[in-house]
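Single-structure report; data block below.
Remember, it's 1-based here, ligands and their atoms both numbered in the order they're listed. We're numbering straight along the sequence, starting at 1.
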Amino acid sequence: MRIAVYPGSFDPITNGHLDIIERAAGVFDEVIVGVLNNKKKQPMFSVAERVNMINLTTAHLKNVRTASFDGLLVDFAKQNDAGVIIKGLRTVNDFEYEFQMALLNKTLSSECETMFMMTNSKYSYISSSMVKELAEYKGNLEGIVPYQIIQYIKDKYELQRL
Ligand code: PNS
């Protein structure tokens with residue numbers, strides 16, 4: 001059984017992330033979306049909210065599940081019997097950091113392979129930080145985040161404005 005983890009902050013999940021998840025689900029027997037519970041970063045959405053949003057948007061993918069993790073990614077992969085880490089690349093700007101991370105993770109765990117998938121060109125400009133800025137200024141999120149979570153995001157920002 002080929003298991004892959006697809007890690008990230010997913011604050012929140014975007015159409016670019018979903019596209020990678022769907023394509024990875026076609027290649028691997030199981031894909032585990034790993035939501036980082038990063039205590040150093042102050043995310044907009046709680047881990048539970050981020051996991052919930054991913055579950056809402058990946059319900060149609062039967063071999064995908066979501067879990068949160070803290071600590072090292074290679075340990076999370078090992079705990080889940082995943083031999084592959086999936087990363088999406090949008091632009092050359094992503095490359096340098098991802099290259100470093102892949103080499104570091106390979107040093108930490110030689111049996112874990114990092115595999116890169118190029119983003120769908122339709123989504124190469126999308127980032128979670130851009131989504132948050134759009135939501136803050138009440139911009140249109142259609143086509144940028146999965147439709148199932150648009151209202152979820154709007155509600156979160158409405159509550160914040162109160
Ligand atoms: O969506 P992001 O924030 O770019 O995802 C970054 C992520 C979660 C993939 C990365 O920060 C990570 O792997 N964090 C876990 C800690 C870890 O293993 N770091 C590498 C060794 S120091």
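Using cut-offs of 30° and 60° on the angle between ring planes, the pair F99 and F95 is parallel.
Contact annotation for N38 and ligand 1: no heavy atom of the residue comes within less than 4.0 Å of the ligand. Counting heavy atoms under 4.0 Å from ligand 1, residue K40 does not touch it at all. Residue L73 touches ligand 1 through backbone and side chain together, judged by heavy-atom distances below 4.0 Å.
The distance from ligand 1 to the heavy atoms of K41 drops below 4.0 Å at these ligand atoms: 3 (O). Close approach of ligand 1 to L104 is summarised as follows: ligand atoms under 4.0 Å from at least one heavy atom of the residue are 21 (C), 22 (S). Using a 4.0 Å cut-off to heavy atoms of K87, the atoms of ligand 1 that qualify are 9 (C).
Counting protein heavy atoms under 4.0 angstrom from atom 22 (S) of ligand 1 gives one or more. Protein heavy atoms are absent from the 4.0 Å sphere centred on atom 7 (C) of ligand 1.
Among protein heavy atoms, the minimum distance from atom 15 (C) of ligand 1 is reached at G71 O, 3.5 Å. Scanning the protein heavy atoms around atom 3 (O) of ligand 1, the nearest turns out to be S9 OG, 2.6 Å. Of the protein's non-hydrogen atoms, the one nearest atom 12 (C) of ligand 1 is M101 CE, 3.9 Å. Of the protein's non-hydrogen atoms, L36 CD2, 3.9 Å is the one closest to atom 14 (N) of ligand 1. Taking atom 5 (O) of ligand 1 as the reference point, the nearest protein heavy-atom neighbour is G8 CA, 3.5 Å.
Counting non-hydrogen atoms of other residues, nucleotides and ligands closer than 6.0 Å to CD of E96 gives a total of 12 or fewer.
Between the side chains of N37 and R50, not a single donor N or O lies within less than 3.5 Å of an accepting N or O. Residues D155 and Q151 have side chains that bring a donor and an acceptor to within less than 3.5 angstrom of each other.
The minimum heavy-atom distance linking L108 with V74 is given by the pair CB-CG2, 3.9 Å.
Using a 4.0 Å cut-off between charged side-chain N and carboxylate O, E30 and R2 make no salt bridge.
In this structure, CD1 on I20 lies 12.0 Å from CG on N15, to the nearest 0.5 angstrom.
Note: the hydrophobic cluster containing I126 also contains M117 (ILVMFWY, side chain heavy atoms under 4.5 Å, direct or indirect links). Y147 and I153 fall into different hydrophobic clusters, where Ile, Leu, Val, Met, Phe, Trp and Tyr side chains are chained together by heavy-atom contacts under 4.5 Å.
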